[in-house]
Amino acid sequence: MDYKKIIANMTLEEKALQLSQVAAADIIQDADAVVTGISHSGVPQEHLGELGSALNFSGIEAAEKIRSASFAKKNKPLLLMQDVVHGYKTVYPLNIAIGGTFDLELAEKCAEMSAIEARANGVNVTFAPMVDLVRDARWGRVNESTGEDPYLNGLMGRASIRGYRKGGIACCVKHFAAYGAAESGRDYNTTDISDHALHEYYLKSYLECLKEKPDMVMTSFNLLNGIPMNGHTELLVDLLREQEGFDGVVISDYGGIGEMISHGYAEDFKECARIAANNEVDIDMCSLAYANHLPELVREGKVSEEKVDRMVERVLRLKDKLGLYQNASVGIDEESDKTYCLSGGAREIARRAAEDGSVLLENNGVLPLEKDAKICLIGPYAQTQELMGEWACLGKTENVVSVKEGVEKLTDKSVPAVSACSAHWNATDESGFDEALRTAKKSDIIVACMGEYCKESGESHSRAAITLAALQVKLLHKLKETGKKIVLVLFAGRPLALTEVAPLADAILFCWHPGVEGGNAIANLLYGEVNPNGKITMSFPRSVGQCPIYYNYFSSGRPKNPDTAENYLYTTSYLDELNSPLYPFGYGLSYTKFELSEIGISSSEMKRGERVIVSATLKNTGKRDGREVVQLYIHDKFGSCARPVKELKGFQKIALVAGEERRVRFEISEETLAYFTASGEYRAEEGKFEIMLGTNSRDVLKTKLNLYS
Ligand code: GLC
């Protein structure tokens, strides 16, 4: 396709609209609004045909309505984009759970199945994967990420990109950059990060994803080191475009270009447009700064037309790549929609992801349950179908399997269930407690299904307290007074501080928001049809005062044993809390017992250019088959920069039958040991390393390695 010829025939106004995106809800909300122009977006009807893209529509009918409207001219078809973040109609578990499966193939499959459903409904581009590094459970959007480790986030992001591509839609790595470092864990808040931390932690996952050639990158809302991301030349132009050679589409987040005014960085929308265009933010999502001011800026010479043409070409290329010029309704297919959406295959993947992304945090032997156990389900999650969490796209609650439904289907018997109270953080109504306690007293085991309300994490839903809601804690104490065994099944979009509730439970199964197959997955886990194998990919704080808390911390000049209260004086410590999390990164139990032993290394001396093998024996010493994630960590003891006490550098998910053992091996090269040194160069520095293998980031076997020239 001769893009240059198409562009040469476009007016400046048409180019500006090609670089503009409006919310489809403004387009299709009222069919008349389409005919008389779109009042919300301010784009006059006669120019609608030049609109480059729209977002947030729903389904085939909407997509067809948009395409058939007068403005979706064939020669400049509309790109339709949506947040297909963890599913479309079949909603998978939150990404924080999918990350916890440590299963890249499963992550890819979830993305592929999501894309197939979305494409059949007219979606061309998804605003995913989100690969922001997250270290603060107060931030509501931790649930969209795969956690606190840059290495895992990068690999999981790449797996999703492969999946979206296989499923037939374009994808968008977000939110560039460091959106997850919001001060105080408060969404949209300032981020201030040293260059070293930026390159060594926060940028890594985005740059790793670029290796998978994503179609788009989305700029984040946050101020970073004093500059709003849409004006961050050093990262958007010098790093992304020039150093990394990214020539895909860069899109702002919703209204982000115009928000440079409230950031105190630009005086008006015209200045916003000038700044963003000169940083080659190609698409203006919903601020209309480009639609209203770019032509004038070009005429005034404040933005070069050559740059605008380059930006327009990127958008046209993406449309061409997706086949939109051959068929503006490419992909829309009622048959595929009926075949794939919520199909048995999709539900099977959703169930596996929910099973493998849930984490067994405690178990004194009460789990797995016997099918004939006399149980009851108590709490706001006992029978609700609200298990999808935020960004549930076109997922419908009516299609979700509740815990009650899943347990009754598996055990083939009726199970008493009492919701007892609301899951809202500030709920106070105890009127359901009496029925709950009456029901509990008639059972042998209480399965307390509690947690954070599904809409109380996610965008714009940060929290200053991250404990279980007070009302539910009160209920749990009353249930404990019955003397019955308690299995606590928890639902949340963030790590919760469980210090008060953990001692009340005989077992804790943390299920995040598990998606449409939640009830079936949880039933399979509770009764041992599936052996829990998920791991947490964010540290679980003991208290919110520890946030941000993460496993790859620096020792400080006055280090302290993180797990004891002794010897705190003049060491890095709290008077009233331990330094360690309640549950560490990479932690998760099983119904069987795994033992890791006999760590060995092929040579404790490694010359530059050589490789060594570190290995250990993993044994399933229990009575059940199971899967374990063996994790490889390194610690660079001394460097031109201080190095974190641990860094994840590899993982293997190993299935062993009862009694089986296997030697697990990892290869270590200079690349494994490399980092952004004090000079900014990415390389391994000679010297002493600790090499560790473990089944979580706390309990590890250690060996030594010396790198020399
Ligand atoms: C939102 C989110 C972003 C999403 C976009 C479009 O504000 O920050 O992740 O993709 O708007 O819905």
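Below, each value reflects all heavy atoms present in this structure, side chains not excepted, and no hydrogens, waters or symmetry copies.
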Within the structure provided, determine whether [X] and [Y] are in side-chain contact (heavy-atom separation under 4.5 Å).
X: V85; Y: F127; answer: no
X: H175; Y: R141; answer: yes
X: Q631; Y: L648; answer: yes
X: L701; Y: L596; answer: yes

- request: Write out all pairs satisfying ring pair (Phe, Tyr, Trp, His ring centres under 6.0 Å) with one or both partners inside residues 192-216, taking only residues at least two apart or from two chains.
  value: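 Those involving residues 192-216 are F176-Y206, H199-F676.
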- request: Evaluate the criterion salt bridge (Lys or Arg N to Asp or Glu O under 4.0 Å) for residue pair K166 and E108; output intermediate values, then yes/no.
  value: CA-CA 9 Å; K166 277 185 185 170; E108 182 177 326; 2.5 Å; yes
Residues forming a side chain to side chain contact (heavy atoms under 4.5 Å, CB included) with [X], sequence neighbours excluded:
X: E242; answer: V237, D238
X: A497; answer: I466, T467
X: P532; answer: L360, L525, Y591

- prompt: With R463, which residues qualify under salt bridge (Lys or Arg N to Asp or Glu O under 4.0 Å), at least two apart?
  reply: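 Expected list: E452.
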- request: Could you pull out the closest heavy-atom pair between E200 and P150, with the gap in Å?
  value: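 Heavy-atom minimum between the residues: O-CG, 4.4 Å.
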Minimal non-hydrogen separation, L693 against A616, with atom names: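 Smallest heavy-atom distance, with atoms named: CD1-CB, 3.6 Å.
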Going by the rule ring pair (Phe, Tyr, Trp, His ring centres under 6.0 Å), which residues pair with [X] if we only count those two or more places apart in sequence or in a different chain?
X: H232; result: none
X: F540; result: F510, W512
X: Y188; result: F221

When you check the gap from the basic side-chain N to the acidic O, do [X] and [Y] get nearer than 4.0 Å?
X: E667; Y: R611; value: yes
X: K646; Y: E690; value: no
X: R698; Y: D563; value: no
X: E628; Y: K535; value: yes
X: K109; Y: E112; value: yes
X: K607; Y: E610; value: no
X: K211; Y: E208; value: yes
X: K174; Y: D83; value: yes

field: Check against side-chain contact (heavy atoms from CB on, under 4.5 Å), R138 and V544
entry: CA-CA 8 Å; R138 294 172 294 181; V544 71; 3.6 Å; yes
task: Show the numbers, then the answer: is there a salt bridge (Lys or Arg N to Asp or Glu O under 4.0 Å) between R627 and D356?
output: CA-CA 10 Å; R627 284 168 287 167; D356 294 357; 2.9 Å; yes
task: Start with the C-alpha gap between W391 and H86, add the side-chain angles, then the distance that decides, and say whether side-chain contact (heavy atoms from CB on, under 4.5 Å) holds.
output: CA-CA 7 Å; W391 295 123; H86 60 107; 4.3 Å; yes
- prompt: Run the side chain to side chain donor-acceptor pair (under 3.5 Å) check on R542 and S580 step by step: do they pass?
  reply: CA-CA 8 Å; R542 295 175 188 274; S580 61; 2.9 Å; yes
Give a yes or no on this: more than 12 heavy atoms of other residues, nucleotides or ligands lie within 6.0 Å of atom [atom1] of [X].
X: E595; atom1: CD; value: no
X: Y570; atom1: OH; value: no
X: E529; atom1: CD; value: yes
X: N567; atom1: CG; value: no
X: K593; atom1: NZ; value: no
X: R186; atom1: CZ; value: no
X: R663; atom1: CZ; value: yes

Going by atom types only, do [X] and [Y] share a side-chain donor-acceptor pair under 3.5 Å?
X: N552; Y: E647; answer: no
X: S590; Y: N531; answer: yes
X: S539; Y: E148; answer: yes
X: Y675; Y: E685; answer: yes
X: D253; Y: Y179; answer: no

[Y] backbone acceptor or donor facing [X] side chain under 3.5 Å:
X: D215; Y: V249; answer: no
X: S205; Y: N153; answer: no
X: S194; Y: A197; answer: yes
X: T571; Y: S573; answer: no
X: T677; Y: E681; answer: yes

Can you list the residues that meet the side-chain hydrogen bond (donor to acceptor under 3.5 Å, both in side chains) rule with [X], with sequence neighbours excluded?
X: E670; value: R608
X: T537; value: none
X: S462; value: none
X: E212; value: R158, R162

field: Derivation of the side chain to side chain donor-acceptor pair (under 3.5 Å) call for Y550 and D136
entry: CA-CA 8 Å; Y550 43 94; D136 195 323; over 6 Å; no
Y574 vs N579, side-chain contact (heavy atoms from CB on, under 4.5 Å): CA-CA, chis, key distance, verdict: CA-CA 7 Å; Y574 301 103; N579 292 2; 3.7 Å; yes
- request: Dump the intermediate steps for side-chain contact (heavy atoms from CB on, under 4.5 Å) on L239 and L207, then the final yes or no.
  value: CA-CA 10 Å; L239 180 87; L207 301 187; 4.2 Å; yes
field: Test log, rule side chain to side chain donor-acceptor pair (under 3.5 Å), inputs E355 and N524
entry: CA-CA 8 Å; E355 288 161 353; N524 285 341; 2.9 Å; yes
